[in-house]
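Below is one structure, written out as structure tokens, with a few remarks after it.
Keep in mind that what you see is a predicted model, and the values were worked out from it rather than measured. Hydrogens, waters and symmetry mates play no part in the numbers below; they use all other heavy atoms, side chains included. Throughout, a chain's letter reflects where its sequence line sits, starting with A, and its residues are numbered from 1.
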Amino acid sequence: MSDQKRLFLVDAYALIFRGYYAFIKNPRINSKGEDTSAIMGFMNSLLDVIKRERPDHLAVCFDKGGSVDRVEMFEAYKANRDETPEGIRTAIPYIHDILKAMHIPIMVKEGYEADDVIGTLSRQAEKEGYKVFMVTPDKDFAQLVTDNIFMYRPVFGGGYETWGIPEVQKKFEVATPEQVIDFLGMMGDASDNIPGLPGVGEKTAKKFIKQFGSMEGLLENTHELKGKMKEKVEANAELGKLSKELAKIMLDVPVTFDAKDFELDHPDIDKVKEIFQELEFRRLTDNFLKTFAEEPAEAKTESSEKATAPNVTPKEQKSAGAGQFSLFGGDTDGEVESDSEFKRRTIESTAHFYQSVAPGMATKLFVKNLLNQSSVCFDTETTGLNPLTAELVGIAFAWEIGKGFYVPFPENKDEAQELIEVLRPFFENDSIEKIGQNLKYDIKVLAKYNIEVKGKLFDTMLAHYLINPDMRHNMDVLAETYLNYTPISITELIGKKGKNQLSMREVPLEKQTEYGVEDADITLQLKEHFQNELTEANTQKLFDDIEIPLVRVLAAMELEGINLDKAFLNSLSSDLNNDIATLEKKIYEAAGEEFNIASPKQLGIVLFEKLKLVDKPKKTKTGQYSTAEDVLSYLAKDHDIIQNILDYRGLAKLKSTYVDALPEQVEPSTGRVHTDYMQTVAATGRLSSNNPNLQNIPIRTERGRQVRKAFIPRNEDFILLAADYSQIELRIIAALSEEETMIEAFNHGEDIHASTASKVFNVPLSEVTREQRANAKTVNFGIIYGVSAFGLSNQTDLSRGEAKELIDTYYETYPKLKAYMNKQVDFARDHGYVQTVLGRRRYLKDINSRNAVVRGAAERNAVNAPIQGSAADIIKIAMINIYSKLEVGNYKSKMLLQVHDELVFDIYKPELEEMKSLIKTEMEGAYKLAVPLDVDLGIGDNWLEAH
DNA sequence: TGCAATGCATA
DNA sequence: GTATGCATTGCAA
């Protein structure tokens with residue numbers, strides 16, 4: 001058994017197409033203008049297979065002239081396939097030449113498809129005792145699988161999977177591989193133009209196979225079906241039979257398997273090199289030479305140990321893991337040497353000294369050296385992205401450009417802890433500055449090892465966020481923009497995401513070292529770059545006093561997490577389920593058919609074409625009927641179905657986004673929900689929250705509000721406290737504009753919207769109607785966003801004219817407010833940016849645009865950004881100060897969440913009174929404005945009650 | 001599988 | 001009219 005011979009049959013076109021499209025976004029064009037993507041893609045995968053498997057027998061199969069038999073059966077067969085792309089047609093002769101030079105047999109038979117050739121050959125070889133692997137991504141081949149015939153499928157993200165009988169049974173939910181033919185016949189195949197049974201898709205086909213076993217079984221027993229399906233299947237019996245025939249791969253092509261011809265021979269290396277040279281493949285040449293330089297004998301015996309899964313020796317894994325050699329890695333930064341003029345520097349083209357540190361004495365000496373530095377850049381490498389569960393794989397250090405060290409970590413937890421203890425003096429040294437990119441992550445990882453990162457911090461991501469908040473701040477982008485350097489990509493190291501992705505732990509040490517130290521080295525270089533820019537942009541203070549101290553605060557909040565009442569959410573979920581089902585039924589009844597209510601497309605057709613609820617339905621910019629909330633709300637009063645749809649939507653959203661999603665996000669290791677605050681995505685300076693987003697938990701509707709009840713204190717000894725700034729943005733605009741009327745109102749603690757209404761509508765404060773107050777409130781908010789009469793009339797019951805009048809009166813009432821807004825726009829025009837009270841800048845490149853729409857947007861930004869941003873600055877100060885007081889006082893109470901103008905705390909009950917005053921004082925005193933800041937406190941046994 | 005479009009939750 | 005994050009559908013390469 002162990003020396004059973006192995007034959008690999010390669011489905012050439014399938015791999016060529018796949019290779020071609022893998023490069024579609026970044027096609028390989030050589031200096032002669034030829035598109036070589038398809039050739040490179042195909043060769044990458046062929047070499048990959050050879051390298052991994054070292055087959056003793058191999059052939060490559062092509063189509064020729066299409067399938068005569070199938071076209072005879074069904075003239076539309078493959079008729080709607082697009083013309084073969086130019087880049088593929090030109091590739092074929094080259095690939096033939098290369099295969100010839102490699103002494104690999106090309107199997108092709110006029111009038112037959114590669115499927116049929118492979119099918120026939122595999123059966124012949126099986127009879128002669130071979131184990132056969134069909135190298136193809138094409139699912140159709142599953143029908144050929146036997147005990148000795150396997151599919152060898154490339155998978156996205158690199159690597160292969162082997163499909164034997166069990167895999168086929170599982171994937172297709174069939175009892176035998178032959179049933180795959182029936183399955184394909186039933187559901188059809190759009191790309192091959194196999195019609196299939198109308199109305200039967202994947203789901204139904206699987207059901208039928210289970211029920212009837214085959215196409216014939218189905219057609220003979222249609223009496224067991226009912227309704228529309230019965231009619232359809234019966235009416236299309238012939239089509240069904242034909243589809244099955246089309247899907248069947250032929251096993252009687254006139255070709256012969258000749259073991260001797262198929263033996264994998266030594267290639268004519270010079271000839272292959274010559275062709276590669278002509279095509280300008282450099283990396284591929286190296287790869288080719290490497291593949292055939294190794295003595296193939298070693299891998300041979302090992303690879304058949306496991307019956308169904310070809311093995312990969314560790315050594316081969318390493319080379320395959322190099323990524324850019326593998327077509328299926330989809331890596332596109334391999335072969336671009338030709339335009340070297342524009343090429344960025346890389347680790348290969350840059351002098352560097354990156355060294356891993358040996359365990360034991362060497363590490364101790366290294367730490368000694370580390371402690372002599374005044375400023376060090378470090379970067380942790382871990383097993384994952386979740387700092388709560390990620391384990392340290394290594395830590396890279398750099399303090400001189402072009403040079404750095406890597407300390408690898410053992411997998412054993414105790415040993416890892418021992419090693420980190422050796423490094424503790426460095427991390428906890430107050431006088432050594434720590435530099436990093438996204439330090440919050442490293443701080444959290446180290447916190448799990450009970451290490452505190454002390455001393456001054458410099459985070460390059462944060463620095464760049466202040467320098468240019470509108471850009472993205474990941475390290476690769478920064479390195480390319482500021483250092484003209486392309487770092488080793490993580491995909492190159494561990495592959496694309498998916499099940500074949502490696503963990504950093506599985507990457508060979510020297511690669512870990514290169515990758516990790518490179519990151520630290522680059523970060524160090526970026527720091528030097530950004531340091532000056534921070535001073536120039538006058539944001540050094542903001543950096544030192546706000547963003548950097550906030551890193552530790554956020555890290556602590558995220559590590560803390562919040563307690564969630566899962567049982568409560570589960571009961572909420574079943575309630576919702578019932579109500580959704582009821583609504584669904586009503587909607588289907590009213591519509592007279594069942595359809596997907598969640599699909600705007602289908603919904604639009606039902607409402608506006610079938611039921612014709614409106615004469616001239618509004619369309620979206622893509623030409624669909626608009627089913628947006630405001631459009632439907634308008635119709636709701638006339639049509640019950642609309643109200644039901646709106647309710648359905650609301651409930652479905654609530655359930656999927658919150659009620660069902662939140663319990664999934666509970667971290668098993670802590671039993672709590674840990675959001676991740678993004679400090680560098682919102683251009684205005686706000687935080688954002690994700691995984692999960694805890695800044696958009698419902699509150700407006702009664703039903704949605706219930707979700708807040710699921711957020712609960714740590715235990716009975718604790719209580720939640722929510723503290724929110726009242727009208728902070730309006731207070732800011734009042735203060736900055738020095739609009740006395742408004743400032744007065746705030747100073748007297750008036751209801752600001754009522755006060756505005758009283759002035760704008762010229763009525764005494766006590767006689768303001770609800771409607772007047774509501775309208776005034778809308779304008780007040782509108783001002784912050786940069787109102788237009790159009791927008792205002794959309795939001796209120798007012799007409800365009802009335803809205804305009806209201807806005808005009810508003811500006812007359814608060815003249816300085818208008819002046820302030822104009823001043824902001826003027827400032828932006830002159831300087832190209834606006835700024836917050838703390839000097840946080842937002843650049844507005846479109847402020848002088850000739851396009852009125854674009855310019856208008858920039859002008860609204862000029863008004864809004866300083867207000868929203870100043871509010872963000874202020875709450876950040878409050879957070880830092882509160883955190884520091886909590887630390888110093890060693891309180892048990894913890895700050896958990898921030899929601900733009902609100903902070904949520906887990907309060908230890910005995911500390912409640914003290915906390916109330918501390919929090920209120922710190923928040924209200926965070927920043928001194930011409931208007932007092934006001935904070936409302938609420939407490940409760942859940943987040944809803946705390947409001 | 002990945003992406004755009006649509007819709008909707010918050011401040 | 002400002003600022004976000006995320007679920008779902010349906011299509012593409």
Side-chain angles (χ1 to χ4, degrees), chain A residues 17-25 82 85 137 155-157 190-191 330 469 496-498 596-604 620-632 646 649-658 660-662 665 675-678 681-701 703-705 707-708 724-725 727-729 733 778-779 781-795 803 807 821 842 853 856-869 871-872 875 897-902:
Chain A
F17 267 87
R18 206 181 150 95
Y20 177 73
Y21 283 115
F23 289 124
I24 196 80
K25 284 193 185 138
D82 289 340
V155 289
F156 280 106
S191 67
K496 289 227 173 146
K497 64 177 169 201
N596 186 346
I597 307 167
S599 161
K601 197 173 164 179
Q602 293 182 31
L603 179 62
T620 66
K621 54 176 177 261
T622 47
Q624 308 275 330
Y625 297 111
S626 170
T627 61
E629 218 261 347
D630 55 335
V631 177
L632 293 191
L646 287 172
R649 265 196 194 163
L651 299 188
K653 161 93 179 173
L654 200 59
K655 184 163 139 64
S656 67
T657 310
Y658 303 103
D660 289 349
L662 281 171
Q665 300 269 7
T675 185
D676 190 3
Y677 287 107
M678 299 280 132
V681 303
T684 50
R686 275 188 177 184
L687 298 177
S688 84
S689 151
N690 63 23
N691 297 312
N693 182 353
L694 296 186
Q695 291 180 323
N696 71 346
I697 304 301
I699 194 163
R700 285 173 214 200
T701 66
R703 206 72 194 262
R705 217 170 1 241
V707 177
R708 294 205 170 214
D724 62 281
Y725 282 110
Q727 309 297 352
I728 188 168
E729 294 187 342
I733 200 170
T778 312
V779 191
F781 278 112
I783 290 298
I784 296 167
Y785 302 146
V787 258
S788 69
F790 177 74
L792 184 61
S793 68
N794 267 349
Q795 283 246 326
I807 293 170
M821 292 167 67
R842 173 143 189 209
V853 178
E859 286 171 357
R860 288 192 294 276
N861 272 317
V863 174
N864 175 261
I867 299 166
Q868 200 185 106
I875 197 167
L897 305 177
Q898 188 251 43
V899 192
H900 308 307
D901 64 359
E902 171 187 4

>> With heavy atoms of chain A within less than 4.0 Å as the criterion, where does contact along DNA chain C begin and end?
In response: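 Boundary nucleotides touching chain A, in 5' to 3' order, are C/dG1 to C/dA13.
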
[X] [atom1] - [N] [atom2] separation (whole Å):
X	N	atom1	atom2	answer
A/Tyr658	B/dC8	OH	C1'	7 Å
A/Tyr785	B/dA11	OH	C1'	7 Å
A/Gln868	B/dT10	CD	P	16 Å
A/Lys655	B/dG7	NZ	P	22 Å
A/Gln602	B/dT6	CD	P	15 Å
A/Arg708	B/dA9	CZ	C1'	10 Å
A/Gln695	B/dA11	CD	C1'	8 Å
A/Leu603	B/dA5	CG	C1'	15 Å

>> Below the 4.0 Å mark, does B/dT10 have OP1 or OP2 next to a side-chain nitrogen or oxygen of A/Arg700?
In response: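 Looking at the OP1 and OP2 atoms of B/dT10, one of them is under 4.0 Å from a side-chain N or O of A/Arg700.
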
Touch check for [X], heavy atoms < 4.0 angstrom, all strands: base, sugar-phosphate only, or nothing?
X	value
A/Ile867	nothing
A/Arg686	base
A/Leu654	nothing
A/Arg705	nothing
A/Val681	sugar-phosphate
A/Asn693	sugar-phosphate
A/Asn794	nothing
A/Ala652	nothing
A/Gln795	base

> Quick one: are A/Pro698 and A/Tyr658 in side-chain contact, heavy atoms under 4.5 Å?
Replying inline: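 In short, these two side chains touch, coming nearer than 4.5 Å.
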
>> I want to check something: taking the side chain as every heavy atom from C-beta on, are A/Val899 and A/Leu694 in contact at a cut-off of under 4.5 Å?
In response: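 A/Val899 vs A/Leu694: side chains apart.
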
> side chain to side chain contact (heavy atoms under 4.5 Å, CB included) with A/Lys655: which residues, sequence neighbours excluded?
Replying inline: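 In terms of side chain to side chain contact (heavy atoms under 4.5 Å, CB included), with neighbours along the sequence ignored, A/Lys655 is linked to A/Ser573, A/Leu576, A/Asn577, A/Ile580, A/Asp660.
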
>> Restricting to side chain to side chain contact (heavy atoms under 4.5 Å, CB included), what partner residues turn up for A/Thr657, sequence neighbours left out?
In response: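 Partners of A/Thr657 under the side chain to side chain contact (heavy atoms under 4.5 Å, CB included) test: A/Lys653.
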
>> I need the full list of salt bridge (Lys or Arg N to Asp or Glu O under 4.0 Å) pairs touching residues 686-699 of chain A, with sequence neighbours left out, sorted by first then second residue.
In response: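 Matches after skipping sequence neighbours: A/Arg686-A/Glu729.
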
>> Under the rule for ring pair (Phe, Tyr, Trp, His ring centres under 6.0 Å), what residues qualify as partners of A/Phe781, not counting sequence neighbours?
In response: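 Result, ring pair (Phe, Tyr, Trp, His ring centres under 6.0 Å) vs A/Phe781: A/His753.
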
> Of all residues at least two apart in sequence or in a different chain, which pass the salt bridge (Lys or Arg N to Asp or Glu O under 4.0 Å) check with A/Arg649?
Replying inline: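 By the salt bridge (Lys or Arg N to Asp or Glu O under 4.0 Å) rule, A/Arg649 matches no residue at all.
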
>> Could you tell me if A/Gln868 and A/Thr684 have a donor-acceptor pair between their side chains, going purely by distance under 3.5 Å?
In response: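 Looking only at side-chain atoms, A/Gln868 and A/Thr684 do form a donor-acceptor pair, the distance falling under 3.5 Å.
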
